[in-house]
Amino acid sequence: MKNYIREVRIQKGYTQVALAEKTGVSRQSIHAIETGKYVPTTILALRLARVLGMPVEALFELETDD
Amino acid sequence: MKPLLFPHRFQKPALLLTIAFGILVVLNYQYNFELSFLALPAPPDALLSNGNLTDEVFLTGFLLSLLVYGFSREVDEDEYSVSLRFRALVFAVLAHTLISIALINLVFGWAFPMMAAYHLFTVLILYVLFYKTQRLLILLRTLRSS
């Protein structure tokens, strides 16, 4: 699963800490998601999309082997 | 789904108790350290015991405090922490099984019960070590990335 959280976060002017606070998770979780080490649950993906003001499909993308 | 965990405030006291009981368990195993007030009044044979409850108390205390330390909520507990806990549990169970197989096949005689006695704690110790190390590494990576 590929994601564009980092690009969108920077574009919207959020730091990792700010995004973590707004979505109710730890900063480490945001880092792990951005670096592809962790795939969030549907609930967190939807929360990230709501905070970043983008549809989920614009933040996450399936890769060929998914 | 929220995981079943102990409250965060239990974490520090549990760590202190784990260290204290850990030292006492080693003293008991290696040097037969026993507390006289835990001696049983009845003759040992009648109770199928060594006549003193020190080892039972120390072992139970160590296992319980380690369990509470390993399974108490973090300040920033979230779904990622839960996934780390799961990974650590899988690692601990696999490692415990492999060590058990190695003990059964490679250790004989008087050494076996001694090693098996220490092996009682392997799952919890490996789980705690793996989980806490992972958390620390991720924290360091996150701090470095910023």
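Residue numbers start from 1 in every chain, and the chains themselves are labelled A, B, ... in the order their sequence lines are given, proteins ahead of strands. What you see below is based on every heavy atom in this structure, not just the backbone, and it leaves out hydrogens, waters and symmetry mates.
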Quick check: closest heavy atoms across B:Tyr127 and B:Arg85, and the distance to 0.1 Å?
OH-NH1, 2.9 Å
Spell out the residues in residues 66-81 of chain B that have some non-hydrogen atom less than 4.5 Å away from a non-hydrogen atom of chain A, in order of number; otherwise answer 'none'.
B:Asp76, B:Asp78, B:Glu79, B:Tyr80
What's the spacing between B:Leu5 CG and B:Phe10 CZ if we round to 0.5 Å?
12.0 Å
Quick one: CG on B:Leu98 to CG on B:Leu103, what's the gap to the nearest 0.5 Å?
11.0 Å
Taking atom NZ as the centre, does B:Lys132 end up with more than 12 heavy-atom neighbours from other residues, nucleotides or ligands that are less than 6.0 angstrom away?
yes
Heavy-atom contacts under 4.5 Å, residues 114-125 of chain B to chain A:
none
Would you compute the distance between atom CD of B:Glu34 and atom CG of B:Asn52 and round it to the nearest 0.5 angstrom?
4.0 Å
Please output the residues of residues 46-61 of chain A in contact with chain B, using a heavy-atom cutoff of under 4.5 Å, in numerical order.
none
Determine whether A:Ile5 and A:Val17 fall in the same hydrophobic cluster, where Ile, Leu, Val, Met, Phe, Trp and Tyr are linked whenever their side-chain heavy atoms lie under 4.5 Å apart.
no
When you compare the side chain of B:Val90 with that of B:Phe86, does any pair of heavy atoms fall below 4.5 Å?
yes
Would a single hydrophobic cluster contain both B:Ile19 and B:Val128, if residues Ile, Leu, Val, Met, Phe, Trp and Tyr are joined by side-chain heavy-atom contacts under 4.5 Å?
yes
Roughly how far, to the nearest 0.5 Å, is the CZ atom of B:Arg135 from the CG atom of B:Leu140?
12.0 Å
I need the contact set between residues 31-42 of chain A and chain B: heavy-atom distance under 4.5 Å, sorted by residue number.
A:His31, A:Ala32, A:Lys37, A:Tyr38, A:Pro40, A:Thr41
Side-chain donor/acceptor of A:Ser29 to backbone N/O of A:Val25, under 3.5 Å:
no
More than 12 non-hydrogen atoms from neighbouring residues, nucleotides or ligands closer than 6.0 Å to CZ on B:Phe108, yes or no?
yes
Using a 4.5 Å cut-off on heavy atoms from C-beta on, say whether the side chain of B:Phe62 contacts that of B:Val26.
no
Output the distance between atom CZ (A:Arg6) and atom CD1 (A:Ile30), rounded to the nearest 0.5 Å.
12.5 Å
In this structure, are over 12 heavy atoms from other groups packed under 6.0 Å from A:Ile43 atom CD1?
no
Atom pair CD1 (A:Ile10) and CD (A:Gln16), whose distance is rounded to the nearest 0.5 Å
8.5 Å
Spell out, as yes or no, whether a donor-acceptor pair under 3.5 Å connects the side chain of B:Asn105 to the backbone of B:Ile101.
yes
